[in-house]
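What follows is one structure encoded as structure tokens, with my remarks underneath.
We count ligands from 1, going down the list as the structure has it; atoms in each ligand are counted the same way. All figures in this text were calculated on a predicted structure; none of them were measured in a lab. Values below: all heavy atoms of this structure, side chains included; hydrogens, waters and symmetry mates excluded. Sequence positions, counted from 1, serve as the residue numbers for this chain.
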Amino acid sequence: MYKDLQIPRDVYNTEEHEMVRQTIQEFYKKEIAPNREAWEKQGYCSREVWKAAGELGLLNLSLSEKYGGGGLDFSFSALLIEESARLGVVSPAISMHSDIVAVYIENYGTEYLKEKYLPKMATGDLIGSLAMTEPGTGSDLRAITTNAVDKGDYWLLNGSKTFITIGYTSDFSIVACKTRPGTPQEGVSLLLVDANLEGFKKGQPFHKLGLKESDTCELFFEDIKVPKENLIGQEGKGFIHMMEELPRERLTIAIQAIGAIHGALDETIEYVQTREAFKQPIAGFQNTQFKLAEVGAQLQIHQAFVDRCVHLLAEHKLTAETASIAKYSTTDLETTAIDTCLQLFGGYGFMWEYPIARRYANARVTRIYGGTNEIMKVLISRKLLKKYFIQLKEKIKAKRAKATA
Ligand SMILES: Cc1cc2nc3c(=O)[nH]c(=O)nc-3n(C[C@H](O)[C@H](O)[C@H](O)COP(=O)(O)OP(=O)(O)OC[C@H]3O[C@@H](n4cnc5c(N)ncnc54)[C@H](O)[C@@H]3O)c2cc1C
């Protein structure tokens, strides 16, 4: 098994981590495994499983105890993400709820918003989603057109979002919108929008290639009156807030990739020792041995980098470029490594009831969401070519100044 190859890790290694790991494993056996097929058919998981996660203390693990969170450091959230992915869990999308949406509220919300939403998120009574992407734009977030006009007592919100994880099951969404539409600055802001407000509509869960038991849908906003106090962070600074939080989101995707590769590798190691061809186990072929060695070795290298990123995040030192390296390289590896593993299952690897088939389908989106891997490379190269981009900016500025003179 991969564990026998794994070098000692300096994350998730306390007794408390081990207790959390066991809780996750029991949660998986009792609450998730028996329901997966039903959830796949309906396109979303049950409300009860969120409540069960809340009762076990698995929601908002790394958030402040003052607001009902676990009061633990980020490594516990990271463990939850990795272990869930190793087990093949994709729903409920705890990481989106606890490590992204709740964190926006804790880091940028007012005391009123923290008290109103966080304790109920910790118990699973409220589920939150994050809505940035629009039908017309995903990678270029500055081009969003959803807008909220200041009407004195409230924001009047109009627009739509798409591909929103747990959009269908969530009770509210943090929505990126422009609060000064039509002005040169336009001002991206973040509004917490309750799904029961008049004018809030949800599309049906999309039929997807993978992540079938986790809902992804469109959201429509038509003349919604959003209370003024539901602004998250500063008006017009939403883009900056998103850029500050995206490294964490990208790291969570990288951690998930590490867990998924680990799970796939273990499942394959088991399979190749029992399946026979030409009167010997598949494990007896050198090709099989080399493929497993390659996946195991790559996993080690990537895991070591991601473990380091977990520490960097805890120390508030995780940069956008480092998180981009982790996200792009682990998810690229996830798709190729799982493909390699699937090949060793032969035709059975293509059958949905085999976990490796689900893993293969689920892995594909990780190169797309949370910012595509191409955008990750844009961010990395911007750092490498910093001097070039500064000079380019100055040239454009000078050209503009000349044109307006
Ligand atoms: C299952 C799923 C769940 C999701 N969950 C959420 C969610 O919860 N919240 C949310 O807001 N969004 C969510 N998304 C949206 C996701 O983040 C976007 O799909 C992603 O950012 C890409 O945007 P796009 O689909 O508009 O692609 P586009 O921006 O149209 O990109 C199309 C292609 O062009 C490439 N491209 C674009 N710009 C450049 C460039 N400058 N240089 C090189 N190549 C470029 C892209 O890499 C991509 O290959 C989800 C998506 C999926 C599929």
Side-chain angles (χ1 to χ4, degrees), residues 40 43-45 85 90-104 127-146 159-178 188-193 195 202-221 232 238-239 241-243 245-250 252-253 256-257 260 320 323-324 327-328 331-332 334-335 358 360-382 385 389 392:
E40 271 180 10
Y44 55 94
C45 70
V90 297
S91 186
I94 292 180
S95 170
M96 170 56 77
H97 170 91
S98 303
D99 300 305
I100 299 170
V101 179
V103 171
Y104 269 100
I127 304 169
S129 59
L130 178 68
M132 298 183 191
T133 307
E134 298 189 353
T137 189
S139 301
D140 183 7
L141 282 177
R142 283 183 203 273
I144 59 170
T145 55
T146 294
S160 66
K161 297 286 173 181
T162 195
F163 305 144
I164 305 309
T165 299
I166 48 175
Y168 187 72
T169 38
S170 60
D171 302 291
F172 69 88
S173 202
I174 295 180
V175 176
C177 57
K178 286 185 173 163
V188 173
S189 300
L190 301 173
L191 291 183
L192 191 159
V193 187
K202 296 172 173 181
Q204 285 298 307
F206 284 122
H207 292 291
K208 307 193 292 295
L209 175 69
L211 304 183
K212 290 178 188 292
E213 62 268 51
S214 175
D215 60 285
T216 308
C217 78
E218 285 173 290
L219 302 177
F220 305 96
F221 317 120
I232 303 247
F239 193 76
H241 299 328
M242 287 191 284
M243 291 309 114
E245 288 305 317
L246 277 168
R248 171 192 284 263
E249 179 174 350
R250 287 166 183 161
T252 64
I253 297 171
Q256 169 276 323
S324 301
K327 194 266 177 184
Y328 119 71
T331 55
D332 266 11
E334 183 182 359
T335 46
R358 284 191 168 99
Y360 180 81
N362 293 341
R364 187 59 185 87
V365 75
T366 61
R367 284 161 53 198
I368 298 168
Y369 66 17
T372 66
N373 283 6
E374 291 73 33
I375 295 300
M376 299 304 100
K377 290 176 200 174
V378 168
L379 294 172
I380 298 161
S381 62
R382 256 189 219 154
L385 295 168
F389 283 111
L392 188 69

Reported CD1-to-CG distance for the pair I375 and L141, which is rounded to 0.5 angstrom: 9.0 Å
Hey, what do you get for OH (Y168) to OG1 (T216), rounding to the nearest 0.5 Å? 13.0 Å
Please work out whether any backbone atom (N, CA, C, O) or any side-chain heavy atom from C-beta onward of M96 is under 4.0 Å from ligand 1, and answer side chain, backbone, both or neither. side chain
Would you name the heavy atoms of [X] and [Y] that are closest together and state the gap between them?
X    : Y    : result
K202 : S170 : NZ-O, 2.7 Å
P247 : M243 : CD-O, 3.1 Å
S173 : A131 : OG-CB, 3.6 Å
T169 : C45  : CG2-O, 4.2 Å

Nearest-option assignment for [atom], heavy atoms, candidates [options]:
atom                    : options                : answer
atom 8 (O) of ligand 1  : T165, I375, N373, D215 : T165
atom 49 (O) of ligand 1 : E374, R367, M376       : E374
atom 22 (C) of ligand 1 : L130, V175, T372       : T372

Nearest neighbour in protein (non-hydrogen) for [atom]:
atom                    : value
atom 42 (N) of ligand 1 : V378 CG2, 4.0 Å
atom 53 (C) of ligand 1 : V365 CG2, 3.4 Å
atom 14 (N) of ligand 1 : F163 O, 3.3 Å
atom 20 (C) of ligand 1 : I368 O, 3.5 Å
atom 24 (P) of ligand 1 : G138 CA, 3.9 Å
atom 15 (C) of ligand 1 : T133 OG1, 3.1 Å

Decide if atom OH of Y360 counts as having more than 12 heavy atoms of other residues, nucleotides or ligands within a radius under 6.0 Å. no
Specify whether the nearest protein heavy atom to atom 1 (C) of ligand 1 is under 4.0 angstrom away. yes
Is atom 32 (C) of ligand 1 in close reach of the protein, with a heavy atom under 4.0 Å away? no
By number and element, which atoms of ligand 1 are closer than 4.0 Å to a non-hydrogen atom of [X]?
X    : result
M132 : 10 (C), 11 (O)
G370 : 17 (O)
I164 : 7 (C), 8 (O), 9 (N), 10 (C), 11 (O)

Could an N or O of ligand 1 be found under 3.5 Å from any N or O of S139, whether backbone or side chain? yes
Can you spot which of T252, I164, I127, I166 makes a side-chain contact (heavy atoms from CB on, under 4.5 Å) with M96? I166
So among L191, V188, L190, which one has a side-chain contact (heavy atoms from CB on, under 4.5 Å) with C177? L191
Exam field: side chain K178 to backbone T145, donor-acceptor pair closer than 3.5 Å: no
K327 side chain vs G371 backbone, donor-acceptor pair below 3.5 Å: yes
Does ligand 1 have any atom that is closer than 4.0 Å to a heavy atom of S129? no
